[in-house]
Number of protein chains: 2
Amino acid sequence: MSVTRADVARYAGVSSAVVSYVVNDGPRPVAAATAARVREAIEVLGYRPNPSAQALRRGSSRLLGHVVPDLGNPLWAQFALAVEEVAAGRGYDVLLASTEGGAEAEHRRIETLVARGVDALIVTSVMARPDLVTRAGLGVPLVLLNTFFEVPGFPSLGFDALGGARTGTAHLLGHGRGPVGLVIGGETGELREQGWRAAAREAGTPEGPIARGEFSRHGGYGAGLRLFGSPDRPRSVFVSSDLQAVGVLRALFELGLRVPEDVAVVSFDGTVETEFTNPQLTTVRQPVEAMARAAVARALDGDTSTDRQVLPAELVVRGSCGCGSAG
Amino acid sequence: MSVTRADVARYAGVSSAVVSYVVNDGPRPVAAATAARVREAIEVLGYRPNPSAQALRRGSSRLLGHVVPDLGNPLWAQFALAVEEVAAGRGYDVLLASTEGGAEAEHRRIETLVARGVDALIVTSVMARPDLVTRAGLGVPLVLLNTFFEVPGFPSLGFDALGGARTGTAHLLGHGRGPVGLVIGGETGELREQGWRAAAREAGTPEGPIARGEFSRHGGYGAGLRLFGSPDRPRSVFVSSDLQAVGVLRALFELGLRVPEDVAVVSFDGTVETEFTNPQLTTVRQPVEAMARAAVARALDGDTSTDRQVLPAELVVRGSCGCGSAG
DNA sequence: CTGAAAGCGCTTACAG
DNA sequence: CTGAAAGCGCTTACAG
């Protein structure tokens, strides 16, 4: 039904091999006149190479699998976008799978993508220790993007979460508001917690109170209510993700506390959302594009080293920390 | 290198046809004992069918293409998620492409996905009149998701934007704050504008002022500054997207206007974000899941009718419209 | 119930 | 510079 390379060959009066040579610009040379005839035939017939046949023959699908925890989180959407763009630049399309935060779903999605025949896999897991064992092994290179710890046997990529958290907390401490509170999630937050502690230690200030909650708007909201609902609330807080910070902002709003006058806030991730909260959030930005670029490169170049590559984070100062206004 | 069906056949001592029958559960029956042997061989060898070979042979990739305007907008991310889930339920994976709002990029992405061999295409365009003509035609079914107008020659799916906007505006008018302002974007906002006008007409109230801006946080911010920066500002506003509403909220915050006391706000889309703004946004919710379900069904079932299917929208009342507090 | 064989649309050594 | 042919890994009529 569809136009095949044989149709093109017949129309142009050449062999189908020549059609391949023209389409792929190699590996054999083709006379200019012949190539022109073939190109015209392709144009006239509206020929498109069958990607399944190409993949079968080549032994490569030129498909990259990407697993993210939750597309509804702008951070993961940003990662997805960045990976897609970098992959496209290398002739790869990406098969994206969102797991909605479940370990089991993540495992299933990895299986599905492998079964789909992706050439490589990038996994942006929410888990500190993702479950990467599949039936019969993976059979394809897998690189972990956005991990906080070394994962034995797999190449991984993260950024300097400890340093970023320390910088953000130190910035808050510099405002002279005393101990800095902490809103933080599960075990993947460990480095951020350490960075927060390190900043207090280095400043010789006692650690502020901690409220724990999921890495979500809702989790931040609940943690914010608990942290600031009590009379001995801190006057500044380091929140370990933008999403949680949005929830904290909402909690502060409900409690009638002003930001930054009553409470100074610094968050973590650096997603677009933080530019449009009220006030705008001072945040520690993850190097998303650089991480995506490095991850795709490692995945597609068959880089088999399994160390963890760490990129630097960057503090973006805006209104919520009290710079400029309350100081 | 990889385990093939021939390896399994050899290991199990059967023909490769039998392996197919077992893997696909048909089309020929297999004796229970034989099937068990095959299954064991599959297990032991870690066999996975080669999806390219299957696609080539079947003439179907079981891949669905989905084009969205911008993954960073939670609304499109929600659509992407919904489409993925519905597709997965039918054994399809989705190749997602984000166009970052450009008409030319959209066109290119459609081409890419077709060249990739998707069985069908769902296009969530930002354009009122998407450019759907590709070299040599599409060759695959294409359905438009989230269109506001009939598109000749293509099946399309939308929701009742006019009715939704009318309901939202009428709700605001019911609060007795006089004329309702409007923040709105380009031509795809036409129906929402009509709904806003209809509500004013039906209530016998003059139309409020209009501010136009892009369908983005930034566009809403600018429009908000203009609309509320002047002394004859309206006391309520209908904002034609959640993203813009976030920008409007930011503008109001900067102008020192309180929501809903000084200005009541109703927005449009119903994304998660609206639950966590301060205050929470009253919004007109799009039936995202229902639309995704219908779109996938039409795309995969080869439904060739080219009419536009319209689903109902729903008003979600929260704090920003003044219900409960300022009234 | 099982097997031998054709063929899906490509790519690429090989021969000319 | 060009062509005939093998083969990638499947599925499925066909014969037994």
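Note that these values count all heavy atoms, side chains included, but never hydrogens, waters or copies made by symmetry. Residue numbers begin at 1 in each chain, while the letters A, B, ... track the order of the sequences.
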Output the distance between atom OH (B:Tyr92) and atom CG (B:Leu300), rounded to the nearest 0.5 Å. 5.0 Å
A:Val310 and A:Asp160: which non-hydrogen atoms are nearest, and at how many Å? CG1-N, 3.6 Å
Per the under-4.0 Å heavy-atom filter, residues of residues 56-64 of chain B near DNA chain C come out as B:Leu56, B:Arg57
Gap in Å between the two P atoms, one belonging to D:dG9 and one to D:dA13, rounded: 23 Å
Distance col, row B:Thr124:OG1 vs B:Leu157:CG, nearest 0.5 angstrom, shows 10.0 Å
Separation of the C1' atoms in D:dT12 and D:dG16, to the nearest angstrom: 16 Å
Hey, can you pull the residues of residues 6-15 of chain B with a non-hydrogen atom under 4.0 angstrom from DNA chain C? B:Val14, B:Ser15
Out of C:dC10, D:dC10, C:dT2, minimum distance to the side chain of A:Ser20 belongs to C:dC10
Is the shortest side-chain N to carboxylate O distance from B:Arg108 to B:Glu104 below 4.0 Å? yes
Once you round it to whole Å, what is the distance between P of C:dT12 and CZ of A:Arg5? 13 Å
Please work out if A:Thr34 contacts a base, only the sugar-phosphate, or nothing of the nucleic acid, heavy-atom cut-off 4.0 Å. sugar-phosphate
So does B:Glu84 pair up with A:Arg109, basic N to acidic O under 4.0 Å? yes
Side chain of A:Thr4: nearest nucleotide among C:dT2, C:dG9, D:dC10? C:dG9
Sidechain N-carboxylate O distance under 4.0 Å for B:Asp301, B:Arg90: yes
Report the C-alpha distance between B:Val140 and B:Asp119 in whole Å, list the side-chain angles of each, state the deciding distance to 0.1 Å, and finish with yes or no for side-chain contact (heavy atoms from CB on, under 4.5 Å). CA-CA 6 Å; B:Val140 301; B:Asp119 285 350; over 6 Å; no
One should read off an interatomic distance between A:Phe154 CZ and A:Leu142 CG, to the nearest 0.5 angstrom, of 5.5 Å
Can you confirm whether more than 12 heavy atoms, excluding those of B:Arg308, are under 6.0 Å from its CZ atom? yes
Distance in angstrom units between A:Arg28 CZ and C:dC10 P, rounded: 21 Å
Whole angstroms only, please: what is the CG-C1' distance between A:Asp25 and C:dT12? 15 Å
For A:Thr188 against A:Phe148, the heavy-atom pair lying closest together: O-CD1, 3.4 Å
At less than 4.0 Å, is any side-chain N or O atom of A:Gln54 found next to OP1 or OP2 of C:dT11? Yes or no. yes
B:Asp307/B:Arg298 ion pair, N-O < 4.0 Å: yes
CZ (A:Arg48) and CD (B:Glu111) are apart, to the nearest 0.5 Å, by 5.5 Å
Stems formed with participation of DNA chain D [Watson-Crick or G-U wobble, under 3.5 Å, three or more pairs]: C:1-3 with D:14-16, C:5-12 with D:5-12, C:14-16 with D:1-3
Grab the OH-P distance between A:Tyr21 and D:dA4 for me, whole Å please. 12 Å
Has B:Asn24 got a side-chain N or O lying under 4.0 Å from the OP1 or OP2 atom of D:dT11? yes
Nearest to the B:Ala17 side chain among C:dG3, C:dC1, D:dC10, which nucleotide is it? C:dG3
Between A:Ala35 and A:Ser16, which is nearer to the 5' end of DNA chain D once each is assigned its nearest nucleotide? A:Ala35
